[in-house]
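Both ligands and their constituent atoms are indexed starting at 1 by order of listing. In this text the structure is predicted, and so the values were computed from the model without any measurement.
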Amino acid sequence: MRLSNKVAIVTGAGSGMGRAIAELFAKEGAKVVVSDVNEERVNEVTASIKDAGGEVLGVMANMAKESDVQQLIDRTVDAYGTVDILVNNAGIMDNFIPVGEITNEHWERVLGVNLNGPMYASRAAIRIMLDKGKGVIVNNASVGGLFGARGGAAYVASKHGLIGLTKNTAAVYGLKGIRVNAIAPGGVNTAISGTITAPNQLGMEAIGRAGTAPMGEAEEIAYAALFLASDEASFINGAVLTADGGWTAH
Ligand SMILES: NC(=O)c1ccc[n+]([C@@H]2O[C@H](COP(=O)([O-])OP(=O)(O)OC[C@H]3O[C@@H](n4cnc5c(N)ncnc54)[C@H](O)[C@@H]3O)[C@@H](O)[C@H]2O)c1
């Protein structure tokens, strides 16, 4: 039980890695707040954790909307009194669209979920963690946050931004007992691939040069998140843990 009695919020927990993280954290003793923009998914994951004997609260929230994020934090504090762990996992892909073909609406939608959301949630959670002098944030970034050709312009910019947010927050609030790290997954089998509806040809061609990604499973990323969230990672702050089956080693 690595997370006994810890209160952990997981965003985008209705599917894929977020779901695997929420389920694993509950098994490890955390009180888990399952949050997602998709209400049906929130209900399904909440029920599955309850059935397995876990402590869970489901909260629907669109991470791109500040008021939803504040409500997520408020409902967590109402139910469990605090926030110990925040996992900023919710994210969307972008059909690999390069900058020359991007619309403002597309850019703002991707940045809204992938970067504004983690900023809103971190800002609200930090205020609670500061009072305790303790807390952990885990940001689910991507190898697209480290390299250029692992997504479209908006996705890659949002994930580079998320890694920047991770490092700055770690550097500043590490002084106050708060740890912030990122995971950079490579290819992982989740529902996100179904959102690539009209892949951009030029974007795909550039990604093709990065070679074929080995595919991992959501649970393999959940164990990375568990490590970073647990006290076993007490000396790890501001790090980016690549979990890509060796894709970027080539
Ligand atoms: N699957 C991959 O290959 C891969 C690789 C690297 C990084 N990632 C990142 O991992 C994270 C999780 O992705 P996944 O592959 O598990 O995807 P997924 O599509 O299986 O799950 C993402 C969840 O986020 C939710 N979501 C979408 N927009 C939201 C919003 N505005 N507010 C709240 N929730 C929202 C979705 O409803 C979904 O349940 C994302 O940030 C993604 O960018 C994925």
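The shortest N/O to N/O separation between M63 and ligand 1 falls below 3.5 Å. The N/O atoms of P185, backbone and side chain alike, include none that comes under 3.5 Å of an N/O atom in ligand 1. The distance criterion of under 3.5 Å between nitrogen or oxygen atoms is not met by I92 with respect to ligand 1. Remark: ligand 1 and N62 share an N or O pair separated by less than 3.5 Å (distance only, no angle test).
Of all the atoms in ligand 1, the ones that sit under 4.0 Å from a non-hydrogen atom of A61 are 32 (N), 33 (C). Near N89, meaning under 4.0 Å from any of its heavy atoms, are these atoms of ligand 1: 11 (C), 12 (C), 40 (C), 41 (O). With ligand atoms numbered from 1 in the order given, ligand 1 contributes 19 (O), 20 (O) to contacts under 4.0 Å with heavy atoms of A191. Near N140, with a cut-off below 4.0 Å to any heavy atom, the atoms of ligand 1 are 10 (O), 11 (C), 41 (O). Interface of G16 with ligand 1, defined as ligand atoms under 4.0 Å from a residue heavy atom, comprises 16 (O), 20 (O). Counting atoms of ligand 1 from 1 in the listed order, those under 4.0 Å from a heavy atom of G91 are 40 (C), 41 (O). Proximity to A141 (heavy-atom distance under 4.0 Å) selects the following atoms of ligand 1: 7 (C), 8 (N), 9 (C). Every atom of ligand 1 with a heavy atom of Y155 under 4.0 Å away is listed here by number and element: 6 (C), 7 (C), 8 (N), 9 (C), 42 (C), 43 (O).
For atom 20 (O) of ligand 1, the nearest non-hydrogen atom of the protein is S15 OG, 2.6 Å. Protein heavy atom at the shortest distance from atom 4 (C) of ligand 1 is M17 CE, 3.5 Å. Protein heavy atom at the shortest distance from atom 3 (O) of ligand 1 is V188 N, 2.9 Å. Looking only at heavy atoms of the protein, atom 37 (O) of ligand 1 is closest to D36 OD1, 2.7 Å. Protein heavy atom at the shortest distance from atom 24 (O) of ligand 1 is G12 CA, 3.4 Å. Atom 15 (O) of ligand 1 has T190 OG1, 2.5 Å as its closest protein atom, hydrogens excluded (heavy atom only). Summary of contacts: the protein heavy atom closest to atom 26 (N) of ligand 1 is V37 CG1, 3.9 Å. Nearest protein heavy-atom neighbour of atom 38 (C) of ligand 1: R41 NH1, 3.1 Å.
Listed for the E101 side chain is no donor-acceptor partner under 3.5 Å among the backbone atoms of P98. Formation of a donor-acceptor pair under 3.5 Å by the N95 side chain with backbone atoms of T197 is found in this model. N181 contributes no side-chain N or O that, together with a main-chain N or O of V240, makes up a donor-acceptor pair within less than 3.5 Å. The main-chain N or O of A170 is found under 3.5 Å from a side-chain atom of N237 such that the two form a donor-acceptor pair.
When every heavy atom of R179 is checked against every heavy atom of A233, the shortest pair comes out as NH1-O, 2.9 Å. Of all heavy-atom pairs between K167 and G238, the closest is CG-O, 3.9 Å. Smallest separation of non-hydrogen atoms from D94 and Y155: OD2-N, 2.9 Å. Among all heavy-atom pairs drawn from V138 and L228, the shortest one is CG2-CB, 4.0 Å. Contact record, N114 with S158: ND2-OG, 3.1 Å, taken as the closest heavy-atom pair.
Interatomic distance, Y80 OH to N5 CG, rounded to the nearest 0.5 Å: 11.0 Å.
At least one test fails for R123 against the ring of Y120: distance under 6.0 Å to the centre or angle within 45° of the axis.
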